[in-house]
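Protein chains get the first letters and strands the later ones, always in sequence-line order, with residue 1 at the start of each.
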Amino acid sequence: MPLLSNAELARIFYEIADLLEIKGELVYKAVAYRRVADAIERSPVEVARAYREHRPPRLVGVGAAIAEKLEELADTGRLAYLERLRGEVPRTLLELLAVPGVGPRTVHTLHERLGIADLDDLRRAAEAGALRSVRGMTERTEQAILAGIAGLARMPTRMRLGQAARLVEKVAEALASTPGLVRLEAAGSFRRRVPTIGDIDLLAASGDPRALADRFVALASVEKVLAHGPHKSAVQLNEGRQVDLMIAPPGSYGSFLVHFTGSKAHNVRLRAIARERGWSLSEHGFVRLGPDGEPLTGEAAETRTFPDEESVYGFLDLPWIEPELREDRGEIEAAMAARGADGRLPKDPGRGALPTLIQVADLRGDCHVHSDWSDGVHAIEVMAEAARQRGYSWIVLTDHSVGLGIARGLDVERVLAQREVLRALNARYQREETEGRAPEVTPRDGFRVLHGVELEIRADATLDFDDALLASFDVVVASLHQGRRQSARQLTERVLAAIHSPHVDIIAHPSGRMLTGRDELPLEWEIVYAEAARTGTLLEINGSDNRLDLDDERARRARDMGCRLVISSDAHRIAELDFVAYGVDMARRGWIGAGEVINTGSRDELLAWVAAKPDRVLRRGAA
DNA sequence: GCCGTTTTCGGCCCGACTGTTTTCAGTCG
C-alpha cells in the first residue's frame, strides 16, 4: 500500500471540509478539518509514514476523531468516512464553489431546492431563469452566475512572481499621481514572495480615499469592477487578473499592512496573542476587550493604532517579522524568543530566534549563466559585462553539454574553443583592473569569468563528459533534463551518480519542476539531501521565475540536513541575471542566511570549496 | 471537530462589500 504524501492527505481533509459545508453541517466542523489540512501541508514530517509506524506527530487541531481518520488513511490509503460523504454529496457539487459569488450555502440551497448537481445544471437553470424562484436570488443573480461560469473557462492560472511584479508596477504607476496619495505598495502573497500569485493585493494610504478608489476602478486596463467602496475596491483587468485595493488611514497603516500581507495562518496567530493580552486585533488596530471577551464600549472604549508594522508587532512584544517568514512555520515562536523573562520586549530588542536572512546585495557572483554558444541569447562578453556592471566578482559560464542536443550543447572541441575565448577575456579584465580602467563597481578581487558547464545527467545515469574533461573545468553544474518519466528510484540514482562524482560541484534545479506545467521529479529527497551534505555537493536554488527550484521548503530542509546552497539565475539573456532576486526570495522564505549560500563568498572561497570535493567523496570509504 | 490560567461546554479571527434582506446572510480575503 503506497504511502499518501502530506499534500494528498491535505487534499483529502480540504475535500471533507468542503463536503461538510455543502452538506450544511456546523461551519466550525469544516473549519476544524481545514485547520488540520493546513497543519499537515506545512508539517516537516511525513505524516502518513509516522502514523503507520505508530509514532504520530503532535499536530495542532488533531483530536481523537481526526487521529483515527489519519490512522486509517496511513494504513489503507482510504477513508470510509470520506467515501460515505461523497455518496451523500455529489462530487460535482464541489466544482460549483469555483464560481465567483457561489459559496457552500448557495450550493447547498441550489442542490436542495432545484436538484442542481453540476456546472451544466447550474448554467441551464440560470439560462432558463429558474434560479429566481429561490428566495434571495433574482435575475441579476442569474446573470452574475452565467458570467462567472463563462469566466471559469478562461480563468488564468496563477501568476509567476515576475508577471505579478510587472502588473504591480503598471497599476502603481497609473495611480501614482492621484491627489492625496501618501503611500502605495503590494501586500498579500506577492509581498511574502510566494512562488505563484493568485491575485494582487494593493494597500494605499491616502488623505482622499474616495478619489483613489474612483481612479482605480476607472483605470483603462480594468475590464470589470468587482467591488467599489471607500475602504476596499476590486477589479478584474482585461487580461483576467484580479487586483484588490485597500485604502488605510495613514495613522493605522501598520495594522493594515500586517493584515493584508498575511498569511492568514500568521494573522490568526497574532490575533490569538492579542486576545490573550486582552485586545482584539483587526486591520484597524487593537481594541480593548472586556472580561466578557467583547470590545469595551462607551467611556471604557480603548483603541490603539500604529502607522508602521514594527509598532504593531512591538505592541505584542514581538520584534518585526520579515514578510517572507509569515507563514506560521515557526516564526511566531522564534520572535517570542526575543522577549525577556518578564514576557516583555526589552528596550533594545534583538531578533529572538529569527534568522538573519540573506539579501540580494550579499551575492558576489552567479554560478549558472548561459551564452549564445548553447541556448542563450547574448554573447559571452555581453553576459559577462552585464554581470561586471552589477558589481559581481565572477560568473561561471555554464553552457549545456553535448547530450542536450536541443540546446545546442557543446562537444569537447567547442568546450576547448570556449575556454580560449575566456582566457582572452579574463586577460583583458586583468589588464583593465591593473590599469584602473575597470568599472567602478568592480570588487577588490576583480572580475573573472570562470569556465563551467551545465552537464547533462544522461538517462542511463552516466555523465555527459569523461572525468579528465570534467576535471579541467573550474566549476561543474550537473542537471537532468531527459528521461523524466523514470521511477523515483531510477531518478534518485541518477542524481546520486552526479553527487558521487568527484567533479560535480552543483546540482542545478534539483526538482526539475516548471511552474508552467511540469511537475516535480519524484526524488527520494532525504537521501539526496543527506548525500549532498556529506559530499559537499551544492544544491542550487534556481531563480528563474518559472522554476524557483529548490523551492523555499526544500531549501530549508536541505539546509537543516547540512547542505550548502547556491543561488543562481540560469540567465539566458542579460535581463535574466536579475532572476537571482527570486532565488533570494525562496531562500528568505526558507529561513536561509548569507552564510549558508556559497555565492555570497569570494571567488577564492568558491574555488577552494570546489577543489576540496574529491577529498570529501573519497572520505566515503573511510567513514 | 477541537480545546481549556475562561477545562468537560460553549466558544472558535475579523471586517468590507454586495444584494435585496427592510436588519442581515453570504461571500471573500
Practice problem: Could you check A:Leu97 against A:Ala65 and say which one's nearest nucleotide on DNA chain B is further toward the 5' end? | Solution: A:Ala65
Quiz item: Pick the nucleotide of DNA chain B nearest each of A:Lys69 and A:Val102; which residue has the one closer to the 5' end?
Solution: A:Lys69
Under 3.5 Å donor-acceptor pairs involving side-chain atoms of residues 346-358 of chain A, not counting sequence neighbours:
| residue | atom | partner | partner atom | Å |
| --- | --- | --- | --- | --- |
| A:Arg351 | NH1 | A:Trp320 | O | 2.7 |
| A:Arg351 | NH2 | A:Glu322 | OE1 | 2.7 |
| A:Arg351 | NH2 | A:Glu322 | OE2 | 3.4 |

Quiz prompt | Nearest-angstrom distance from the residue atom CZ of A:Phe286 to P of B:dG15 | solution = 13 Å
Taking only N/O atoms, report every protein-nucleotides 19-21 of chain B pair under 3.5 Å with atom names and distance.
| residue | atom | partner | partner atom | Å |
| --- | --- | --- | --- | --- |
| B:dT20 | OP1 | A:Thr138 | OG1 | 2.4 |
| B:dT20 | OP1 | A:Thr141 | OG1 | 3.2 |

Practice problem: Report the relative orientation of the aromatic rings in A:Phe286 and A:Trp279; use parallel for angles under 30°, tilted for 30 to 60°, perpendicular for over 60°. | Solution: perpendicular
Quiz prompt | Note, A:Arg52 side chain near A:Glu46 side chain (heavy atom, < 4.5 Å) | solution = no
Practice problem: Could you identify which residues of residues 20-36 of chain A place a heavy atom less than 4.0 Å from some atom of DNA chain B, listed by residue number, or say none? | Solution: A:Leu26, A:Tyr28, A:Lys29, A:Ala32, A:Tyr33
Quiz prompt | Whole-Å distance separating the CG atom of A:Leu245 from the P atom of B:dG29 | solution = 15 Å
Quiz item: Are A:Glu309 and A:Arg191 close enough for a salt bridge, meaning some N to O gap below 4.0 Å?
Solution: yes
Exercise. Give the C-alpha distance, both sets of side-chain angles, the deciding distance and a yes or no for side-chain contact (heavy atoms from CB on, under 4.5 Å) between A:Leu281 and A:Val258.
Key: CA-CA 10 Å; A:Leu281 171 62; A:Val258 169; 5.5 Å; no
Quiz item: Expressed in whole Å, how much space separates the P atoms belonging to B:dC2 and B:dT6?
Solution: 22 Å
Quiz item: Nearest of B:dC2, B:dG29, B:dT27 to any side-chain atom of A:Asp244?
Solution: B:dG29
Exercise. Let me know the distance between CZ of A:Arg275 and P of B:dG11, rounded to the nearest Å.
Key: 12 Å
Practice problem: For A:Ile273 and B:dC14, give me the distance from atom CD1 to atom C1', rounded to whole Å. | Solution: 16 Å
Quiz prompt | Between A:Ser177 and A:Arg215: side-chain donor-acceptor atoms closer than 3.5 Å | solution = yes
Self-check item: Rounded C1' spacing from B:dT18 to B:dT23 in Å
Solution: 15 Å
Quiz item: For the side chain of A:Ser221 and the backbone of A:Leu237, is there at least one donor-acceptor N/O pair under 3.5 Å apart?
Solution: no
Practice problem: Mind checking side-chain hydrogen bond (donor to acceptor under 3.5 Å, both in side chains) for A:Lys232 and listing every partner two or more places apart, or none if nothing turns up? | Solution: none
Self-check item: Positive for salt bridge (charged side-chain N to carboxylate O under 4.0 Å, His left out) with A:Arg193, one of A:Asp551, A:Asp585, A:Asp545, A:Asp552
Solution: A:Asp585
Quiz item: Between B:dG26, B:dC2, B:dC3, which nucleotide gets closest to the side-chain atoms of A:Arg58?
Solution: B:dC3
Quiz item: Among side-chain atoms of A:Glu21 and A:Tyr33, is any donor-acceptor pair under 3.5 angstrom?
Solution: no
Quiz prompt | Nucleotide forming a Watson-Crick or wobble pair with B:dA16, both distances under 3.5 Å | solution = B:dT27
Quiz item: Salt bridge between A:Asp38 and A:Lys264, side-chain N to carboxylate O under 4.0 Å?
Solution: no
Self-check item: N-O pairing of A:Arg86 and A:Glu15 below 4.0 Å
Solution: yes
Exercise. For DNA chain B, find the residues of residues 226-234 of chain A with a heavy-atom distance under 4.0 Å and give them by number; none if there aren't any.
Key: A:Ala227, A:His228, A:Gly229, A:Pro230, A:His231, A:Lys232
Practice problem: Starting at atom CZ of A:Arg105, determine the distance to atom P of B:dC24, rounded to an integer number of angstrom. | Solution: 18 Å
Exercise. Please state the C1' separation for the pair B:dT7 and B:dC3 - nearest whole angstrom.
Key: 8 Å
Exercise. Could you work out the separation of B:dG15 and B:dT20 based on their P atoms and round it to a whole Å?
Key: 26 Å
Quiz item: P atom, B:dG26 versus B:dT21: distance in rounded Å?
Solution: 14 Å
Quiz item: Hey, are the side chains of A:Leu270 and A:Val312 touching, using non-hydrogen atoms and a 4.5 Å cut-off?
Solution: no
Quiz item: A:Leu59 CG to B:dC3 C1': how many Å, rounded?
Solution: 15 Å
Practice problem: Would you mind reading off the distance between A:Asp18 atom CG and B:dG1 atom P, rounded to a whole angstrom? | Solution: 16 Å
Quiz item: Ignoring hydrogens and geometry, is there a side-chain-to-backbone donor-acceptor pair from A:Asp549 to A:Ser511 under 3.5 Å?
Solution: yes
Self-check item: Contacting residues from residues 185-212 of chain A, given that a heavy atom lies under 4.0 angstrom of DNA chain B
Solution: A:Asp199, A:Asp201
Self-check item: Beyond-backbone contact of A:Leu79 with A:Ile16, side-chain heavy atoms, under 4.5 angstrom
Solution: yes
Practice problem: Round to a whole Å and report the spacing from CG of A:Asn267 to C1' of B:dC14. | Solution: 10 Å
